[in-house]
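Proteins come first, then strands; the chains are lettered A, B, ... in the order of their sequence lines, and each starts at number 1.
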Number of protein chains: 2
Amino acid sequence: MHHNGHEDSNPSVTVDIVIFTIQKSSLKVLLVKRKYPPYEGSWAIPGGFVRYEEPLEDAALRELYEETGVRDVFIEQLYTFGAPNRDPRKRVITVAYYALISSENLVFRPDSEVSDVRWFSIYDLPRLAFDHDKILDIALKRLRNKIMYTNIAFQLMPELFTLTELQNAYEVILGRKLDKRNFRKKILSSRIIEKTSERKVEGRHRPAHLFRFLPSGMEKNNNKEELINI
Amino acid sequence: MHHNGHEDSNPSVTVDIVIFTIQKSSLKVLLVKRKYPPYEGSWAIPGGFVRYEEPLEDAALRELYEETGVRDVFIEQLYTFGAPNRDPRKRVITVAYYALISSENLVFRPDSEVSDVRWFSIYDLPRLAFDHDKILDIALKRLRNKIMYTNIAFQLMPELFTLTELQNAYEVILGRKLDKRNFRKKILSSRIIEKTSERKVEGRHRPAHLFRFLPSGMEKNNNKEELINI
DNA sequence: TCAAAAGTGTTGTGTGTACACCCATGT
DNA sequence: ACATGGGTGTACACACAACACTTTTGA
């Protein structure tokens, strides 16, 4: 690693990946605690250097896999951040991605306070290293925007889910309540889910129907998105 | 310039900028003819290396200025392209931008066939170097999408303009006709333009009123955009 | 007086939104 | 029987789309 970047006319290139999931009715992002300077001890978005022969998206998927053990995940390029002083050591240009993963897919769930990788509620974030607060902010805006006219929210859901669970996902992401009847009308009329014969029995009340996404030529976690309107 | 990139663990970083304008009722992009290999003699989107201490957007603005002589232009980051083999010499990651410039602002208008920099209609493009056809395609999609819910089309217009001229700009970008009455209703109700006392006399027919954009806290070419709906 | 573009309203259709009650189940 | 969340329909406001004629000017 060069610490005197000026001898190298090329900036370094990294990928950073904002990983979202929903846990306990809360939208969470995965952060890692930095072990070395700069920003030692601060929390940061996972990321790392792009290998010489590695496509950018592959680098992002590799980082994602290293942190979460999850493959076959929806990711999308977000924005490229290149302020000359965003890393105090040398010029580092980072291509930011965001990912949505279903909490059922999590191989390990870094929850404990002692771990150096942890899920944080978007409403209870620590101070972040570098310009990562800006990256996270833009990722959240993109997610909130895109959930309104695409089906990306489905990437956050398990295989089978109830309409209330789906609505909760939307509400948690948007940070506001939605009307139950209007939501169901909209989702059902978009013909992207189908009712299964199964029900979810949970507590002493009427069981909910379970739904699944319609394959419709595109598979879940296929990195494809379809236009809908909520 | 290294020709053996493998000795340098860092990819090179460039910016490329898709420059749009409207000329003669046609949407045009600026292309430059390459003087050296690879792709010698092919047309390409203007671009160049990012200097070590230079913000990405500054690099894009610099390239834009070098090719067009225009400053204070609307530009927006588009996407970052980083396929390992997109440049046959070595790994080059390019951060693509797009720009909209009013043809009245053009200091020089590269029109002649002999020049090595020229405006091309988007419907009559030459074969492009590298992956520049993909970049241009994405830029055009973004422009067409964004024109529908922001005021960026105004960046393409002169200081004073008629409603018919503005509608032509929309039609040329979208590649389809719009309804005159509905268009005027929409634009006028969005309260982002104001009628001036001047008229444009042109030909043997009724002169059109000239309009200008309302400052509304944000200046033209301020790289800000406002949400509207067309 | 004619050619050419400017300018102007209404109506139907569809979409978004607000809103309240009965149903099915477990305890 | 009751507590709990599941599930359902209607009415109103607004946005969008389709559509044709009159006005103003220069030649």
From NZ of A:Lys177 across to C1' of C:dA18 the rounded distance in Å is 17 Å
Under 6.0 Å between the ring centres of A:Phe154 and A:Phe74? no
Between C:dG9 atom C1' and B:Lys180 atom NZ, what is the distance in whole Å? 14 Å
Examine the side chains of A:Asn168 and A:Ser25 and answer whether a donor and an acceptor come within less than 3.5 Å of each other. no
Which atom pairs link the protein and nucleotides 15-17 of chain C when you take only N or O atoms and keep those under 3.5 Å?
unit_1: C:dG16; atom_1: OP2; unit_2: A:Lys186; atom_2: NZ; d: 3.2
unit_1: C:dT17; atom_1: O4; unit_2: A:Lys185; atom_2: NZ; d: 3.4

Roughly how many Å is it from CZ in B:Arg184 to P in D:dT23, rounded to a whole number? 16 Å
Whole-Å distance, A:Phe183 CZ to D:dG6 P, equals 13 Å
side-chain contact (heavy atoms from CB on, under 4.5 Å) assessment of A:Thr94 paired with A:Ile135: CA-CA 10 Å; A:Thr94 195; A:Ile135 297 176; 4.2 Å; yes
To the nearest Å, how far apart are A:Ile187 CD1 and D:dG6 C1'? 17 Å
For the pair made of CD in A:Glu198 and C1' in D:dG6, what is the distance, rounded to whole Å? 17 Å
Could you check whether A:Arg181 makes a cation-pi contact with A:Phe183, meaning its NZ or CZ is under 6.0 Å from the centre of the six-membered ring and within 45° of the ring axis? no
With a 4.0 Å cut-off on N to O distance, would you call A:Asp137 and A:Lys141 a salt bridge? yes
A:Thr164 near the nucleic acid: base, sugar-phosphate alone, or nothing, with a heavy-atom cut-off under 4.0 Å? sugar-phosphate
I need the CG-C1' distance between B:Leu166 and C:dG7, as an integer number of Å. 15 Å
Using only side-chain N and O atoms of A:His209, determine if any of them is under 4.0 Å from OP1 or OP2 of D:dG6. no
Would you kindly give the NZ-to-P distance between A:Lys200 and D:dG6, to the nearest whole Å? 10 Å
Other residues, nucleotides and ligands only: do more than 12 of their heavy atoms fall within 6.0 Å of NZ on A:Lys134? no
Please determine whether a side-chain nitrogen of the Lys or Arg among A:Glu194 and A:Arg212 lies less than 4.0 Å from a carboxylate oxygen of the Asp or Glu. yes
Would you please say whether a donor-acceptor pair under 3.5 Å links the side chains of B:Tyr98 and B:Glu76? yes
Polar side-chain contact A:Arg181-C:dA20 base: donor and acceptor under 3.5 Å: yes
Set of residues satisfying ring-ring contact (aromatic ring centres under 6.0 Å, His included) with respect to A:Phe130, sequence neighbours excluded: A:Tyr39, A:His132
Interface polar pairs with nucleotides 25-27 of chain D, N/O, under 3.5 angstrom:
unit_1: D:dT25; atom_1: O2; unit_2: B:Arg204; atom_2: O; d: 3.3
unit_1: D:dT25; atom_1: O2; unit_2: B:His205; atom_2: N; d: 3.4

